[in-house]
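As C-alpha coordinates, the structure follows; a few thoughts come after it.
Counting from 1, the numbers follow the sequence of the chain as shown.
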Amino acid sequence: MSSQVKGAVCGIVAAVAYGTNPLFSLNLYAKGMDVESVLFYRFAIAALALGTAMLLSGRSLAVSRRQLATLVPAGVVFALSSQTLYQSFLYMDAGVACSILFVYPILVAVIMAAFFHERASLLTYGCIAMALAGIAMLYQGDGTGALSATGLLLVVASSLCYAVYIVAVDHTALRTVPSARMTFWVLAAGAAMFFALTGFGRNLFPICTDAATVANVAGVALVPTIIPILFIGIAIKNVGPTYSAIIGALEPVTALVIGATVFGESLTGRVLLGAAMILVAVTLIVARPLLRRPVAGLRHAASKRRER
(Lines give C-alpha, C1' and ligand atoms only; values in the text may rest on other atoms or scores of the structure.)
Protein backbone atom coordinates (compact mmCIF):
# COMPACT_ATOMS: atom_id res chain seq x y z
CA MET A 1 0.00 0.00 0.00
CA SER A 2 1.44 3.38 -1.02
CA SER A 3 1.81 6.18 1.52
CA GLN A 4 -0.85 8.23 -0.31
CA VAL A 5 -3.40 5.42 -0.15
CA LYS A 6 -2.48 4.66 3.47
CA GLY A 7 -2.91 8.33 4.41
CA ALA A 8 -6.25 8.60 2.62
CA VAL A 9 -7.59 5.44 4.25
CA CYS A 10 -6.49 6.59 7.71
CA GLY A 11 -8.03 10.01 7.09
CA ILE A 12 -11.33 8.41 6.14
CA VAL A 13 -11.26 6.16 9.22
CA ALA A 14 -10.54 9.15 11.48
CA ALA A 15 -13.30 11.29 9.94
CA VAL A 16 -15.95 8.55 10.01
CA ALA A 17 -15.00 7.58 13.57
CA TYR A 18 -15.31 11.18 14.78
CA GLY A 19 -18.68 11.43 13.06
CA THR A 20 -20.03 8.67 15.35
CA ASN A 21 -20.26 11.05 18.35
CA PRO A 22 -24.09 11.08 18.23
CA LEU A 23 -24.34 7.28 18.03
CA PHE A 24 -23.01 6.69 21.54
CA SER A 25 -23.98 9.94 23.27
CA LEU A 26 -27.67 9.78 22.27
CA ASN A 27 -27.89 6.17 23.43
CA LEU A 28 -26.40 7.19 26.79
CA TYR A 29 -28.84 10.10 27.09
CA ALA A 30 -31.66 7.62 26.54
CA LYS A 31 -30.32 5.67 29.54
CA GLY A 32 -30.60 8.81 31.67
CA MET A 33 -26.94 9.82 31.66
CA ASP A 34 -26.24 13.56 31.69
CA VAL A 35 -23.84 15.41 29.40
CA GLU A 36 -21.12 15.92 32.02
CA SER A 37 -21.05 12.22 32.97
CA VAL A 38 -20.82 11.15 29.32
CA LEU A 39 -17.93 13.52 28.68
CA PHE A 40 -16.11 12.65 31.90
CA TYR A 41 -16.05 8.98 30.90
CA ARG A 42 -15.09 9.90 27.33
CA PHE A 43 -12.15 12.09 28.35
CA ALA A 44 -10.98 10.05 31.35
CA ILE A 45 -10.95 6.66 29.61
CA ALA A 46 -9.31 8.13 26.51
CA ALA A 47 -6.63 9.87 28.61
CA LEU A 48 -5.98 6.69 30.61
CA ALA A 49 -5.68 4.58 27.45
CA LEU A 50 -3.42 7.08 25.67
CA GLY A 51 -1.23 7.64 28.73
CA THR A 52 -0.84 3.92 29.34
CA ALA A 53 0.08 3.29 25.69
CA MET A 54 2.67 6.08 25.77
CA LEU A 55 4.30 4.81 28.98
CA LEU A 56 4.40 1.23 27.71
CA SER A 57 6.10 2.42 24.52
CA GLY A 58 8.67 4.37 26.50
CA ARG A 59 7.38 7.86 25.68
CA SER A 60 7.41 10.49 28.39
CA LEU A 61 4.35 12.37 29.66
CA ALA A 62 6.46 15.08 31.31
CA VAL A 63 5.86 18.75 30.45
CA SER A 64 7.38 21.96 31.80
CA ARG A 65 5.48 24.32 34.10
CA ARG A 66 5.23 26.84 31.28
CA GLN A 67 3.77 24.22 28.96
CA LEU A 68 1.37 22.99 31.65
CA ALA A 69 0.19 26.55 32.25
CA THR A 70 -0.90 26.61 28.59
CA LEU A 71 -2.08 23.00 28.35
CA VAL A 72 -4.63 23.28 31.16
CA PRO A 73 -6.59 26.24 29.71
CA ALA A 74 -6.31 24.68 26.25
CA GLY A 75 -7.81 21.49 27.66
CA VAL A 76 -10.64 23.48 29.25
CA VAL A 77 -11.41 25.22 25.93
CA PHE A 78 -11.35 21.87 24.12
CA ALA A 79 -13.62 20.38 26.79
CA LEU A 80 -16.04 23.32 26.47
CA SER A 81 -16.20 22.64 22.73
CA SER A 82 -17.27 19.05 23.46
CA GLN A 83 -19.68 20.08 26.20
CA THR A 84 -21.54 22.65 24.09
CA LEU A 85 -21.71 20.23 21.14
CA TYR A 86 -23.08 17.40 23.29
CA GLN A 87 -25.57 19.77 24.92
CA SER A 88 -26.76 20.90 21.49
CA PHE A 89 -27.83 17.30 20.79
CA LEU A 90 -30.55 17.85 23.43
CA TYR A 91 -32.05 20.71 21.41
CA MET A 92 -31.58 19.78 17.76
CA ASP A 93 -30.87 16.87 15.43
CA ALA A 94 -27.33 15.64 16.01
CA GLY A 95 -26.59 15.38 12.29
CA VAL A 96 -27.51 19.02 11.76
CA ALA A 97 -25.47 20.05 14.81
CA CYS A 98 -22.38 18.26 13.48
CA SER A 99 -22.85 19.92 10.08
CA ILE A 100 -22.89 23.37 11.68
CA LEU A 101 -19.92 22.44 13.89
CA PHE A 102 -17.90 21.85 10.73
CA VAL A 103 -17.63 25.62 10.09
CA TYR A 104 -14.69 25.75 12.53
CA PRO A 105 -12.04 26.07 9.74
CA ILE A 106 -13.82 29.21 8.57
CA LEU A 107 -13.81 30.56 12.14
CA VAL A 108 -10.08 29.81 12.28
CA ALA A 109 -9.62 31.93 9.14
CA VAL A 110 -11.67 34.74 10.71
CA ILE A 111 -9.63 34.63 13.94
CA MET A 112 -6.36 34.65 12.00
CA ALA A 113 -7.50 37.67 9.98
CA ALA A 114 -8.85 39.57 13.00
CA PHE A 115 -6.09 38.93 15.54
CA PHE A 116 -3.01 37.82 13.60
CA HIS A 117 -3.33 40.10 10.56
CA GLU A 118 -3.52 37.21 8.11
CA ARG A 119 -4.86 38.55 4.84
CA ALA A 120 -8.36 37.38 4.01
CA SER A 121 -8.97 36.77 0.31
CA LEU A 122 -12.16 37.15 -1.71
CA LEU A 123 -12.40 33.36 -1.55
CA THR A 124 -12.46 33.54 2.26
CA TYR A 125 -15.24 36.14 2.27
CA GLY A 126 -17.20 34.13 -0.29
CA CYS A 127 -16.85 30.95 1.76
CA ILE A 128 -17.98 32.76 4.90
CA ALA A 129 -21.07 33.98 3.05
CA MET A 130 -21.78 30.49 1.70
CA ALA A 131 -21.39 28.90 5.14
CA LEU A 132 -23.72 31.46 6.72
CA ALA A 133 -26.26 30.79 3.98
CA GLY A 134 -25.95 27.05 4.67
CA ILE A 135 -26.52 27.62 8.39
CA ALA A 136 -29.56 29.74 7.54
CA MET A 137 -30.91 26.86 5.45
CA LEU A 138 -30.37 24.46 8.33
CA TYR A 139 -31.94 26.90 10.78
CA GLN A 140 -35.20 26.63 8.88
CA GLY A 141 -35.25 23.01 9.99
CA ASP A 142 -37.10 20.21 8.25
CA GLY A 143 -40.07 22.32 7.19
CA THR A 144 -42.06 21.79 10.39
CA GLY A 145 -40.38 24.67 12.23
CA ALA A 146 -37.11 26.48 12.79
CA LEU A 147 -34.27 24.97 14.78
CA SER A 148 -33.94 25.70 18.47
CA ALA A 149 -32.10 29.00 18.94
CA THR A 150 -30.50 27.54 22.07
CA GLY A 151 -29.22 24.53 20.15
CA LEU A 152 -27.87 26.73 17.37
CA LEU A 153 -26.03 28.99 19.83
CA LEU A 154 -24.56 25.96 21.59
CA VAL A 155 -23.17 24.41 18.44
CA VAL A 156 -21.79 27.74 17.19
CA ALA A 157 -20.12 28.17 20.60
CA SER A 158 -18.69 24.65 20.20
CA SER A 159 -17.27 25.49 16.78
CA LEU A 160 -15.79 28.75 18.07
CA CYS A 161 -14.15 27.02 21.05
CA TYR A 162 -12.61 24.44 18.76
CA ALA A 163 -11.34 27.16 16.41
CA VAL A 164 -9.77 28.98 19.37
CA TYR A 165 -8.14 25.71 20.47
CA ILE A 166 -6.66 25.13 17.00
CA VAL A 167 -5.22 28.65 16.86
CA ALA A 168 -3.81 28.25 20.39
CA VAL A 169 -2.05 25.02 19.44
CA ASP A 170 -0.25 26.81 16.62
CA HIS A 171 0.51 30.13 18.33
CA THR A 172 1.46 29.31 21.93
CA ALA A 173 3.94 27.17 23.85
CA LEU A 174 1.87 24.15 22.77
CA ARG A 175 3.84 24.16 19.51
CA THR A 176 6.80 22.75 21.45
CA VAL A 177 4.84 19.84 22.95
CA PRO A 178 4.80 16.53 21.01
CA SER A 179 1.28 15.86 19.70
CA ALA A 180 0.60 12.66 21.67
CA ARG A 181 1.83 14.24 24.90
CA MET A 182 -0.24 17.35 24.27
CA THR A 183 -3.33 15.27 23.54
CA PHE A 184 -2.91 13.35 26.80
CA TRP A 185 -2.75 16.50 28.91
CA VAL A 186 -5.64 18.13 27.03
CA LEU A 187 -7.78 15.04 27.64
CA ALA A 188 -6.68 14.89 31.30
CA ALA A 189 -7.56 18.57 31.83
CA GLY A 190 -10.96 17.98 30.23
CA ALA A 191 -11.58 14.93 32.42
CA ALA A 192 -10.72 16.98 35.52
CA MET A 193 -13.13 19.72 34.44
CA PHE A 194 -16.01 17.31 33.91
CA PHE A 195 -15.23 15.52 37.18
CA ALA A 196 -15.59 18.89 38.94
CA LEU A 197 -18.86 19.56 37.07
CA THR A 198 -20.28 16.27 38.39
CA GLY A 199 -19.78 17.52 41.94
CA PHE A 200 -16.37 15.81 42.12
CA GLY A 201 -18.03 12.49 41.44
CA ARG A 202 -21.10 12.88 43.68
CA ASN A 203 -23.45 13.28 40.71
CA LEU A 204 -21.55 11.00 38.35
CA PHE A 205 -23.88 8.57 36.57
CA PRO A 206 -22.80 4.95 37.23
CA ILE A 207 -21.78 3.00 34.15
CA CYS A 208 -22.31 -0.53 35.48
CA THR A 209 -26.10 -0.38 35.33
CA ASP A 210 -26.31 -2.69 32.29
CA ALA A 211 -24.24 -4.04 29.41
CA ALA A 212 -25.59 -1.50 26.90
CA THR A 213 -24.43 1.43 29.05
CA VAL A 214 -20.97 -0.09 29.46
CA ALA A 215 -20.74 -0.71 25.70
CA ASN A 216 -21.77 2.84 24.84
CA VAL A 217 -19.36 4.37 27.37
CA ALA A 218 -16.55 2.27 25.91
CA GLY A 219 -17.70 3.25 22.44
CA VAL A 220 -17.73 7.00 23.09
CA ALA A 221 -14.20 6.81 24.54
CA LEU A 222 -12.82 4.57 21.79
CA VAL A 223 -14.51 5.33 18.46
CA PRO A 224 -14.93 9.14 18.26
CA THR A 225 -11.96 9.86 20.56
CA ILE A 226 -9.03 7.43 20.56
CA ILE A 227 -9.40 6.16 16.97
CA PRO A 228 -9.42 9.67 15.39
CA ILE A 229 -6.41 10.68 17.51
CA LEU A 230 -4.40 7.69 16.28
CA PHE A 231 -5.47 7.69 12.63
CA ILE A 232 -5.41 11.43 11.92
CA GLY A 233 -1.74 11.51 12.91
CA ILE A 234 -0.96 8.78 10.36
CA ALA A 235 -3.04 10.59 7.72
CA ILE A 236 -1.25 13.91 8.24
CA LYS A 237 2.16 12.24 7.99
CA ASN A 238 1.26 10.54 4.68
CA VAL A 239 -0.96 13.03 2.82
CA GLY A 240 -0.45 16.26 4.76
CA PRO A 241 -2.78 18.39 6.90
CA THR A 242 -4.65 19.98 3.97
CA TYR A 243 -5.81 16.75 2.36
CA SER A 244 -6.53 15.29 5.80
CA ALA A 245 -8.75 18.27 6.61
CA ILE A 246 -10.60 17.93 3.29
CA ILE A 247 -11.25 14.24 4.01
CA GLY A 248 -12.62 15.45 7.37
CA ALA A 249 -15.76 16.50 5.51
CA LEU A 250 -16.87 12.91 6.06
CA GLU A 251 -17.40 13.74 9.76
CA PRO A 252 -20.72 15.62 9.38
CA VAL A 253 -21.78 13.30 6.57
CA THR A 254 -21.37 10.33 8.91
CA ALA A 255 -23.30 12.13 11.65
CA LEU A 256 -26.14 12.96 9.23
CA VAL A 257 -26.36 9.33 8.09
CA ILE A 258 -26.33 8.01 11.68
CA GLY A 259 -28.94 10.56 12.73
CA ALA A 260 -31.25 9.60 9.88
CA THR A 261 -30.80 5.81 9.92
CA VAL A 262 -30.43 5.12 13.65
CA PHE A 263 -32.39 7.90 15.34
CA GLY A 264 -34.94 8.77 12.64
CA GLU A 265 -33.79 12.36 12.17
CA SER A 266 -35.26 14.15 9.16
CA LEU A 267 -33.18 14.60 6.00
CA THR A 268 -35.14 17.00 3.83
CA GLY A 269 -33.87 18.69 0.69
CA ARG A 270 -33.37 21.90 2.66
CA VAL A 271 -31.25 20.15 5.30
CA LEU A 272 -29.14 18.40 2.66
CA LEU A 273 -28.65 21.64 0.71
CA GLY A 274 -27.66 23.57 3.82
CA ALA A 275 -25.19 20.87 4.87
CA ALA A 276 -23.76 20.70 1.33
CA MET A 277 -23.22 24.49 1.26
CA ILE A 278 -21.30 24.32 4.54
CA LEU A 279 -19.18 21.38 3.34
CA VAL A 280 -18.31 23.11 0.05
CA ALA A 281 -17.45 26.38 1.80
CA VAL A 282 -15.22 24.65 4.34
CA THR A 283 -13.54 22.47 1.72
CA LEU A 284 -12.67 25.55 -0.35
CA ILE A 285 -11.24 27.29 2.72
CA VAL A 286 -9.13 24.27 3.64
CA ALA A 287 -8.01 23.74 0.04
CA ARG A 288 -6.71 27.31 -0.37
CA PRO A 289 -3.03 26.20 -0.38
CA LEU A 290 -3.79 23.71 -3.14
CA LEU A 291 -5.69 26.31 -5.16
CA ARG A 292 -2.85 28.82 -4.90
CA ARG A 293 -0.30 26.46 -6.46
CA PRO A 294 -1.84 26.33 -9.97
CA VAL A 295 -2.35 30.11 -9.89
CA ALA A 296 1.25 30.68 -8.84
CA GLY A 297 2.39 28.29 -11.57
CA LEU A 298 0.42 30.18 -14.22
CA ARG A 299 1.85 33.49 -13.04
CA HIS A 300 5.38 32.07 -13.12
CA ALA A 301 4.84 30.74 -16.63
CA ALA A 302 3.45 34.06 -17.78
CA SER A 303 6.43 35.94 -16.37
CA LYS A 304 8.79 33.56 -18.13
CA ARG A 305 7.01 34.20 -21.43
CA ARG A 306 7.31 37.96 -20.92
CA GLU A 307 11.05 37.56 -20.25
CA ARG A 308 11.45 35.88 -23.59
Side-chain angles (χ1 to χ4, degrees), residues 1-21 24 38-82 162 164-196 200-201 204 207 214-245 247-248 251:
M1 182 183 294
S2 69
S3 62
Q4 292 289 319
V5 173
K6 179 180 179 181
V9 170
C10 289
I12 291 170
V13 171
V16 172
Y18 192 78
T20 62
N21 267 305
F24 304 102
V38 172
L39 288 171
F40 167 74
Y41 290 125
R42 180 190 180 199
F43 276 65
I45 295 173
L48 181 62
L50 180 60
T52 301
M54 289 178 64
L55 291 174
L56 290 176
S57 63
R59 288 182 287 176
S60 173
L61 299 176
V63 292
S64 68
R65 290 183 180 179
R66 178 169 174 264
Q67 291 170 334
L68 187 62
T70 307
L71 279 164
V72 171
V76 170
V77 171
F78 185 80
L80 285 173
S81 176
S82 293
Y162 192 53
V164 169
Y165 171 77
I166 290 173
V167 173
V169 167
D170 197 44
H171 290 81
T172 66
L174 296 182
R175 294 184 66 178
T176 64
V177 183
S179 58
R181 196 180 307 175
M182 180 188 72
T183 301
F184 167 78
W185 284 104
V186 165
L187 290 172
M193 186 188 97
F194 290 119
F195 186 69
F200 295 95
L204 191 62
I207 61 173
V214 173
N216 280 295
V217 166
V220 78
L222 173 65
V223 183
T225 311
I226 296 175
I227 288 177
I229 289 171
L230 296 175
F231 281 83
I232 196 62
I234 299 172
I236 290 172
K237 287 180 181 178
N238 286 275
V239 297
T242 300
Y243 282 114
S244 298
I247 295 171
E251 294 173 17

Mind checking side-chain contact (heavy atoms from CB on, under 4.5 Å) for [X] and listing every partner two or more places apart, or none if nothing turns up?
{"X": "Ala180", "result": "Met54, Arg59"}
{"X": "Ala215", "result": "none"}
{"X": "Ala189", "result": "none"}

Discussion item. Restricting to ring-ring contact (aromatic ring centres under 6.0 Å, His included), what partner residues turn up for Tyr41, sequence neighbours left out?
Written reply: none
Discussion item. Determine whether a donor-acceptor pair (N or O, by modelled atom type, separation under 3.5 Å) exists between the side chain of Asn238 and the backbone of Ala235.
Written reply: no
Worksheet item: Counting only N and O atoms by type, is there a donor-acceptor contact under 3.5 Å from the side chain of Trp185 to the main-chain atoms of Ala62?
Response: no
Worksheet item: Given side chains that start at C-beta, do those of Val16 and Glu251 come closer than 4.5 Å, heavy atoms only?
Response: no
Discussion item. Within the structure provided, determine whether Ser82 and Phe43 are in side-chain contact (heavy-atom separation under 4.5 Å).
Written reply: yes
Residues 216-228 side chain polar contacts: donor-acceptor under 3.5 Å, at least two apart:
residue	atom	partner	partner atom	Å
Asn216	OD1	Asn27	ND2	3.4
Asn216	ND2	Ala212	O	2.8
Thr225	OG1	Arg42	NE	2.7
Thr225	OG1	Val220	O	2.9

Spatial distance of atom [atom1] ([X]) from atom [atom2] ([Y]) [nearest 0.5 Å]:
{"X": "Thr70", "Y": "Arg65", "atom1": "OG1", "atom2": "CZ", "value": "14.5 Å"}
{"X": "Phe194", "Y": "Leu204", "atom1": "CZ", "atom2": "CG", "value": "12.0 Å"}
{"X": "Leu56", "Y": "Thr52", "atom1": "CG", "atom2": "OG1", "value": "6.5 Å"}
{"X": "Leu71", "Y": "Ser64", "atom1": "CG", "atom2": "OG", "value": "8.5 Å"}
{"X": "Leu61", "Y": "Leu55", "atom1": "CG", "atom2": "CG", "value": "4.5 Å"}

Worksheet entry | Passing option when Phe78 is tested against Thr183, Val169, Val186 for side-chain contact (heavy atoms from CB on, under 4.5 Å) | Val186
Looking at every heavy atom in both [X] and [Y], which two are closest together, and how far apart are they?
{"X": "Ala74", "Y": "Tyr165", "result": "O-CD1, 3.6 Å"}
{"X": "Tyr162", "Y": "Ser81", "result": "CB-OG, 3.5 Å"}
{"X": "Ala15", "Y": "Gly248", "result": "CB-CA, 3.9 Å"}

Item to complete: Fit a plane to each ring of Phe40 and Phe195, take the angle between them on a 0 to 90° scale, and name the class: parallel (under 30°), tilted (30 to 60°) or perpendicular (over 60°).
Response: tilted
Response to the item:
So the side-chain hydrogen bond (donor to acceptor under 3.5 Å, both in side chains) pairs with at least one residue in residues 172-182 (sequence neighbours excluded) are Gln67-Thr176
